[in-house]
Amino acid sequence: MEKLLELYKKWKGSVPANVEKLEGAGSNREYFRMADEDGETIIGVIGTSRDENHAFVYLAKHFEKRQLPVPHILAVSEDETRYLQSDLGDTSLFNAIRGGREAGGRYNLAEQELLRRTIRELPNIQLRGARGLDFSNCYPQPEFNQESVLFDLNYFKYCFLKATELDFHELKLEANFRMFAKDLTSEKMDSFLYRDFQARNVMLDKDGKPYFIDFQGGRKGPFYYDLASFLWQASAKYSFKLRRELVFDYYQSLKNYTEVPSKRHFVNRLSLFVLFRTLQVLGAYGFRGYYERKKHFIDSIPPAIQNLRDLLALGEDVFHYPYMMDMLKRLTQLPQFAHIEKPAVNRADGFKTVEKDIYNANPLDGPATFSKYDGKGPLVVRVFSFSFKKGIPEDSSGNGGGYVFDCRSTHNPGRYEPYKKITGLDEPVIRFLEDDGEILDFLKPVYKLADHHVKRYMQRGFTDLMFSFGCTGGQHRSVYSAQHLAEHLNEKYGIEVRIVHREQGIEQTLKAR
């Protein structure tokens, strides 16, 4: 610490007025926020690995020359064990999207926009950052290669797989590992592989612009790796839909920096790296969780296993490693990895997420959501008849109204003298309409639509639904339609239905049964 203070004094000309130790990251580096008399702050770093520090300082200076959003290096000690960098604040992307993560993957629009900004900026540092970069400065190795892939796959085997006590043939698995490693390194790319691209390593300024930190483990390699690392991070719980949209955002942004492969090729290559990254993190979780007994890593294993289940569903058309895929399938079926349903959780915006709901959703879409209006019940349906000349009935529930049907396409009894002074509730008008038959054909799809809507509203526990039927005078066709739909819904579902024939001044309630 004394040497860090000396470095600050040499750079600033005075000692800091205040020094605050910050929470550490995954490496052995220590971080300090150092403030002068005016309150201006910088970050001081102490690192035990000279090579790791050298890599970060070199990369940061190189990226800054490329006008990339990274910290500015202010001063470095002669032995490169300490350095000073600009302070990017306390708001990381990880903290900014906490609400969606803690709600089981239900991210609001503001959080989604932060994710989009970040993923669109990633190709910038990967492609522009690689131009003119001397990869020999990278730590611990300059390039992503088969040797490093096999190291990570064996890390998974020894630190996770063996700890589960799953029976497997080690030589057959090793053969598939080598095939997998060959495929992952089959396309040579001159892009910068960030290696640890995650939400914790993205800082946001007051306008939500992303800045990148902790890239000292980067090297030359394929850009797919970082995309897989970011979007398939188990704890993030991105839904299938959001993840797909972010992949598309990345693909479109990539076009600004290089010639992109076809979408099919891109997705197939990405799938390989998603599988590799999943096995890689399981190895880390196994070591940190099973051996070091750190709860955070143990808790991260179930969502990572679920990611693995989703990947296996892609089948052998994508992954041509039969023994490895069979072994991974048996791994996901172990009793200790059985899927356990968790209770719904609230978001600050009033929404909840649930494991099961009334819809048959694709499991890749993640947990479903329902609004604060769900589960209030019971349902009450209101049915109106009205004249279009006097306007559509207002919705007093505050929900904004429901269905409005125009009956004026059907034969009008009001054109004939015998029916001018009676309504759609009277037998002569009912006989006229039903003998003619047009109103019956008109109501068939209405009944079908209403049945579906009422059923769903009852399942969700909604309280109000409104149907309105309009005709020329609000006397014959609209009255008939409203009355018959109301009686149909009351009889079929046993719910309370309130009928209002507005122009006739008639109100009726069909009680719930």
Side-chain angles (χ1 to χ4, degrees), residues 69 92-127 191 194 197-202 204 207-210 212 222-258 260-275 277-278 281 303-304 306-311 313-314 318 347-349 351-355 357 359-371:
S92 68
L93 177 64
F94 182 80
N95 290 330
I97 61 173
R98 174 175 292 169
R101 184 175 62 252
E102 292 180 348
R106 194 267 167 196
Y107 292 89
N108 62 30
L109 293 179
E111 292 162 344
Q112 291 181 35
E113 178 57 27
L114 292 176
L115 290 168
R116 294 184 198 284
R117 290 183 186 180
T118 301
I119 212 69
R120 289 170 187 154
E121 189 68 27
L122 177 58
N124 192 15
I125 194 170
Q126 289 177 315
L127 277 300
S191 58
Y194 200 117
F197 188 65
Q198 56 168 302
R200 283 187 175 87
N201 291 338
V202 179
L204 303 174
D207 298 319
K209 178 182 177 181
F212 301 122
F223 47 67
Y224 301 102
Y225 183 102
D226 293 328
L227 186 62
S229 176
F230 187 81
L231 293 184
W232 273 264
Q233 185 177 8
S235 60
K237 301 175 184 176
Y238 299 126
S239 69
F240 176 78
K241 179 175 181 293
L242 176 58
R243 187 183 284 147
R244 180 178 58 194
E245 291 172 353
L246 292 172
V247 169
F248 179 76
D249 284 340
Y250 176 87
Y251 184 78
Q252 293 299 108
S253 178
L254 192 65
K255 293 179 180 179
N256 297 321
Y257 304 96
T258 188
V260 298
S262 69
K263 290 181 181 178
R264 182 182 181 86
H265 181 83
F266 182 89
V267 170
N268 285 340
R269 292 292 298 172
L270 177 60
S271 298
L272 293 180
F273 282 90
V274 173
L275 178 58
R277 181 61 179 169
T278 301
V281 298
Q306 185 57 48
N307 275 351
L308 185 56
R309 286 192 187 98
D310 296 339
L311 282 168
L314 297 177
V318 177
R347 275 193 60 107
D349 52 19
F351 284 80
K352 294 181 179 180
T353 60
V354 290
E355 292 294 333
D357 67 2
Y359 302 106
N360 294 321
N362 189 315
L364 296 180
D365 292 334
T369 62
F370 62 96
S371 76

**Student:** Distance check, rounded to the nearest 0.5 Å: Asn307 atom CG versus Tyr238 atom OH?
**Tutor:**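 So the gap between those two atoms works out to 11.5 Å.
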**Student:** Roughly how far, to the nearest 0.5 Å, is the CG atom of Leu122 from the CG atom of Asp249?
**Tutor:**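 Nearest 0.5 Å value for the CG-CG distance: 12.0 Å.
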**Student:** Leu272 and Arg269: side chain to side chain contact (heavy atoms under 4.5 Å, CB included), yes or no, with the steps?
**Tutor:** CA-CA 5 Å; Leu272 293 180; Arg269 292 292 298 172; 3.8 Å; yes
**Student:** Not counting sequence neighbours, which residues clear salt bridge (Lys or Arg N to Asp or Glu O under 4.0 Å) with Arg244? List them please.
**Tutor:**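 If we apply the salt bridge (Lys or Arg N to Asp or Glu O under 4.0 Å) test to Arg244, skipping adjacent residues, there are no hits.
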**Student:** Could you give the distance from OG1 (Thr118) to NZ (Lys209), rounded to the nearest 0.5 Å?
**Tutor:**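 So the OG1 of Thr118 and the NZ of Lys209 are separated by 12.0 Å.
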**Student:** Please list, chain by chain and in numerical order, all residues satisfying side-chain contact (heavy atoms from CB on, under 4.5 Å) with Ser253, sequence neighbours excluded.
**Tutor:**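 Partners of Ser253 under the side-chain contact (heavy atoms from CB on, under 4.5 Å) test: Arg120, Pro123, Asn256, Tyr257.
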**Student:** How would you list, by chain and number, every residue that makes a side-chain contact (heavy atoms from CB on, under 4.5 Å) with Val274, sequence neighbours excluded?
**Tutor:**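 Applying side-chain contact (heavy atoms from CB on, under 4.5 Å) to Val274 gives Ala228, Trp232, Leu270, Thr278, Leu311.
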**Student:** If every non-hydrogen atom of Pro261 is compared with every non-hydrogen atom of His265, which pair is closest and at what distance?
**Tutor:**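 Reported closest heavy-atom pair: CB-CD2, 3.5 Å.
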**Student:** Give a yes/no verdict on a cation-pi contact between Arg101 and Phe94, requiring under 6.0 Å between NZ or CZ and the six-membered ring centre and an angle within 45° of the axis.
**Tutor:**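 Pair Arg101/Phe94 counts as cation-pi.
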**Student:** About how many Å separate CD of Gln306 and NZ of Lys237, when rounded to the nearest 0.5 Å?
**Tutor:**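 The NZ atom of Lys237 sits 11.5 Å away from the CD atom of Gln306.
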**Student:** With Phe197, which residues qualify under ring-ring contact (aromatic ring centres under 6.0 Å, His included), at least two apart?
**Tutor:**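 Partners of Phe197 by the ring-ring contact (aromatic ring centres under 6.0 Å, His included) criterion, ordered by chain and then number, come out as Tyr194, Phe212, Phe230.
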**Student:** Taking Ala110's backbone N and O only, do any of them form a donor-acceptor pair with Asn108's side chain (distance below 3.5 Å, no angle check)?
**Tutor:**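 Yes: the side chain of Asn108 pairs with the backbone of Ala110.
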**Student:** Looking at Gln198 and Gln233, what are the two nearest heavy atoms and their distance?
**Tutor:**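 Taking every non-hydrogen atom into account, OE1-NE2, 3.8 Å.
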**Student:** So which heavy atom on Pro222 is nearest to which on Ser191, and how close?
**Tutor:**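 Closest approach of Pro222 to Ser191, heavy atoms only: C-OG, 3.9 Å.
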**Student:** Run the numbers on Ser92 and Arg200 for side chain to side chain contact (heavy atoms under 4.5 Å, CB included), then give the verdict.
**Tutor:** CA-CA 6 Å; Ser92 68; Arg200 283 187 175 87; 5.6 Å; no
**Student:** State, to 0.1 Å, how close Ile119 and Leu246 come at their nearest heavy-atom pair, and which atoms those are.
**Tutor:**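 Residues Ile119 and Leu246, closest heavy atoms: CG2-O, 3.8 Å.
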**Student:** Got a salt bridge between Arg116 and Glu245, using NZ or NE/NH1/NH2 to carboxylate O under 4.0 Å?
**Tutor:**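 Counted as a salt bridge, because a side-chain N and a carboxylate O are separated by less than 4.0 Å.
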**Student:** With sequence neighbours left out, write down each residue that passes side-chain contact (heavy atoms from CB on, under 4.5 Å) with Asn268, or none if nothing qualifies.
**Tutor:**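 Asn268: side-chain contact (heavy atoms from CB on, under 4.5 Å) contacts with Arg264, Val318.
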**Student:** Search all heavy atoms of Leu204 against all heavy atoms of Pro210 and return the closest pair with its distance.
**Tutor:**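 Scanning both residues, the minimum pair turns out to be CD2-CA, 3.9 Å.
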**Student:** Report the residues that fulfil ring-ring contact (aromatic ring centres under 6.0 Å, His included) with Tyr251, sequence neighbours left out, ordered by chain and then residue number.
**Tutor:**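 Scan of Tyr251 (ring-ring contact (aromatic ring centres under 6.0 Å, His included), adjacent residues dropped) gives Phe266.
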**Student:** Which atoms form the tightest heavy-atom contact between Glu111 and Tyr107, and what is the distance?
**Tutor:**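 Taking every non-hydrogen atom into account, OE1-CA, 3.3 Å.
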**Student:** In the structure I gave you, are the side-chain heavy atoms of Leu93 and Leu115 within less than 4.5 Å of one another anywhere?
**Tutor:**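 Side chain of Leu93 against side chain of Leu115, heavy atoms only: contact under 4.5 Å found.
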